[in-house]
Peer 1: 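Just dropping this structure here.
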Amino acid sequence: MTVVTRFAPSPTGYLHIGGARTALFSYLHAKRHGGRFLLRIEDTDRERSTEAAVQAIFDGLTWLGLTADGPPVFQTHRFDRYREVIKRMLAEGSAYRCYCSRQELEAMRAEQMARKQKPRYDGRWRPEPDKSLPAPPAGVPPVIRFKNPLSGKVVFEDLIKGRVEFDNAELDDLIIARADGTPTYNFCVVVDDMDMGITHVIRGDDHVNNTPRQINILKALGATPPAYAHVPMILGADGVKLSKRHGAVSVIEYRALGFLPEALLNYLVRLGWSYGDEEIFTRERMIELFDISQVHKSPARFDMDKAIWVNHQYLKSAEPATIAPEFEWHLRRIDLDPRNGSPLTAVIQAQRERCKTLVEMAEKSRFLYAESVVYDGKDVAKHLDAAGREVLADLGPRLSKLTRWEVAALHDLVHGYAAQKGLSLGKVAQPLRVAVAGAAVSPPIDQTLALLGRERTLARIERALSSLHQRA
RNA sequence: GCUCCCAUCGUCUAGAGGCCCAGGACGUCGCCCUCUCACGGCGAAAACCGGGGUUCGAAUCCCCGUGGGAGCGCCA
């Protein structure tokens, strides 16, 4: 049987990083077994679902490259089907109408809580062979409840958690359709998973308690329950559920933070899963090695430092051309024109080892794309003193006479000058660096000059000298 | 309150009874390399939640405790 998994978010906000990991696990499990990964939008709650949220989820998944093998399924497009199934269940007796008012239910819950019991529906409208039901109150639209088995156990082998058991006595008759006729979550999930031919439900830990109910409905419908895998959630650095106050929670925020999608995915896959001592996994390798049953049972904390380290690994080793589009996105984000400077791949090549994020790379490359440099006062004071100015004055003419503006030639020129003057390289490179880049940090000086180009280099040396004269 | 789940360095993890006085990675701290920042190299500190069992032998199996988490809606 072909493996079919799905990611089923409800569009009430952005794509959460925890959701992204769940999606990744579903995706990997499907691919690992040559199966299909599907997407379903659980938008039955019209109050909270928004068009923008749907788009945000699509955008997040697209950026991560977790593409579904088929068009997304929208639950709101399937109401006819749900109605049909409910009609059938009513006819077969696996569901019934309940006329309790909300107030009545609330009172029931309050009373149970007071008696220190688990709040649950007491089955007052549940039809039984020898039971006589009250006459339905007039004018009250009923909800539909599922007739859950009263005794016995629901047992399932969770691929991550192992054997999980629930007593049916712990479960109550959940509402599958509201008074207005719209179906509810647990019911829709069951019908959809069945209709979509889902073989493996991989979802967040917070759904374990829903699983026995869903299995019971599935059985009442005569369907075979899929396999389940409940993945633990991601915690913030403080061990508490990850939320906005921990910083970035939405996938798109990680893009803004300067992450590469592959790097984020890599970090995420290692959260709760590992393969020996390996840390870096290409997508192909993840697909080859990922085993859902090896995922940890316990929740993991999100460690930004490690995530950034992984990102740096990708920045350092990925093909510059694959990084270029993201780098361009970041340059534009800080109002720099990617065409107004050296080719992106050359800059990436020069900057990658000193930048852990693309934000940093864009920022550190500002002097290569902006018309004017912003000088760091401290660095200017430190390196463009009298001696530094002398170096610049000497180097200007020599540089302007250089015939080949290439790394090797620039290297020889700078080194040759230092040797000739008996200066350490630092005494030459630093003033030059500050003059052209505005600060004491940049790629090796020969590369820096090569990337900047002759014209800008000479102009900036000029400007550094003249503005210093003004100050002096 | 009730139900379910979890527990190895600060963090992510290796470990499926002897290979473990517990290995790797991030982070931290030294040292080396060096034109800056980095990269890199070398090294250090750092953990089996507690208590009982089982066993010749337990981080690994069992029980209890403690601590964490999730769920208990006409939300999803």
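In this text the structure is predicted, and so the values were computed from the model without any measurement. Quick note on labels: first sequence line is chain A, next is B, and so on, each numbered from 1.
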Peer 1: What residue pairs, at least two apart or across chains, pass ring pair (Phe, Tyr, Trp, His ring centres under 6.0 Å) with a residue in residues 136-165 of chain A?
Peer 2: A:Phe156-A:Tyr228
Peer 1: Say we look at B:U11 and B:C5: how far apart would their P atoms be, to the nearest angstrom?
Peer 2: 24 Å
Peer 1: What's the base orientation of B:C39: syn (chi within 90° of 0) or anti?
Peer 2: syn
Peer 1: Figure out the CH2/C1' separation between A:Trp273 and B:U13, and round it to whole Å.
Peer 2: 12 Å
Peer 1: Taking a pair as Watson-Crick or G-U wobble with both distances under 3.5 Å, which nucleotide is matched to B:C37?
Peer 2: none
Peer 1: Is there a Watson-Crick or G-U wobble partner for B:A7 with both distances under 3.5 Å, and if so, which one is it?
Peer 2: B:U66
Peer 1: For A:Asn168 and A:Asn216, does a side-chain donor sit closer than 3.5 Å to a side-chain acceptor?
Peer 2: yes
Peer 1: Measuring to OP1 and OP2 of B:C4, would you say a side-chain N or O of A:Arg163 lies under 4.0 angstrom away?
Peer 2: no
Peer 1: In Watson-Crick or G-U wobble terms, both distances under 3.5 Å, what is the partner of B:A14?
Peer 2: none
Peer 1: Could you tell me which residues satisfy side chain to side chain donor-acceptor pair (under 3.5 Å) with A:Tyr96, sequence neighbours excluded, listed by chain and number?
Peer 2: A:Asp173
Peer 1: Looking only at atom P, what distance separates B:A7 and B:G50, rounded to whole Å?
Peer 2: 15 Å
Peer 1: Among all residues two or more places apart in sequence or in another chain, which pass the side chain to side chain donor-acceptor pair (under 3.5 Å) test with A:Thr44?
Peer 2: none
Peer 1: By nearest atom, which of the nucleotides B:G73, B:A76, B:A14 is closest to the A:Ile175 side chain?
Peer 2: B:G73
Peer 1: Which parts of nucleotides 29-41 of chain B does protein reach within less than 4.0 Å, heavy atoms only, written one letter per nucleotide 5' to 3' as B for base, S for sugar-phosphate only and - for none?
Peer 2: ------BBBBSS-
Peer 1: Apply side chain to side chain donor-acceptor pair (under 3.5 Å) to A:Asp277 and list each qualifying residue two or more places apart in sequence or on a separate chain.
Peer 2: none
Peer 1: Are OP1 or OP2 of B:C2 and a side-chain N or O of A:Arg120 less than 4.0 angstrom apart?
Peer 2: no
Peer 1: Does any nucleotide pair with B:G43 by Watson-Crick or G-U wobble geometry, both distances under 3.5 Å, and what is it?
Peer 2: B:C29
Peer 1: Reading nucleotides 62-71 of chain B 5' to 3', which nucleotides get B (base under 4.0 Å from a protein heavy atom), which S (sugar-phosphate only), which -?
Peer 2: -------SBB
Peer 1: Less than 3.5 Å apart, which donor and acceptor atoms pair up between the side chains of residues 200-207 of chain A and the rest of the protein, not counting sequence neighbours?
Peer 2:
unit_1, atom_1, unit_2, atom_2, d
A:Arg203, NH1, A:Thr211, OG1, 3.0
A:Arg203, NH1, A:His230, NE2, 3.3
A:Arg203, NH2, A:Gln214, OE1, 2.6
A:Asp205, OD1, A:Lys161, NZ, 2.9
A:His207, ND1, A:Tyr185, OH, 3.2
A:His207, ND1, A:Asn210, ND2, 3.2

Peer 1: Which pairs, with at least one residue in residues 263-283 of chain A and sequence neighbours excluded, count as a ring pair (Phe, Tyr, Trp, His ring centres under 6.0 Å)?
Peer 2: A:Tyr267-A:Phe302, A:Trp273-A:Phe281, A:Trp273-A:Phe290
Peer 1: Can you list everything that forms a side chain to side chain donor-acceptor pair (under 3.5 Å) with A:Arg97? Sequence neighbours excluded, please.
Peer 2: none
Peer 1: Using Watson-Crick or G-U wobble geometry with both distances under 3.5 Å, which nucleotide pairs with B:A22?
Peer 2: none
Peer 1: We want to know whether A:Arg109 and A:Gln112 form a side-chain donor-acceptor pair, criterion being a heavy-atom distance below 3.5 angstrom.
Peer 2: no
Peer 1: B:U11, B:C5, B:U13: which one has an atom nearest the side-chain heavy atoms of A:Val164?
Peer 2: B:C5
Peer 1: Choosing from B:C6, B:G73, B:C12, which nucleotide comes nearest the side chain of A:Pro119?
Peer 2: B:G73
Peer 1: In whole Å, measure the gap between the C1' atoms of B:C2 and B:G57 for me.
Peer 2: 41 Å
Peer 1: Distance check: side-chain N/O of A:Ser274 vs OP1/OP2 of B:C12, anything under 4.0 Å?
Peer 2: no
Peer 1: Which nucleotide wins on minimum distance to the side chain of A:Phe166, given the candidates B:A76, B:G1, B:C4?
Peer 2: B:C4
Peer 1: Ignoring hydrogens and geometry beyond distance, is a side-chain donor-acceptor pair present between A:Asn311 and A:Tyr254 at under 3.5 Å?
Peer 2: no
Peer 1: Just name whichever nucleotide pairs with B:C2, Watson-Crick or G-U, keeping both distances under 3.5 Å, else none.
Peer 2: B:G71
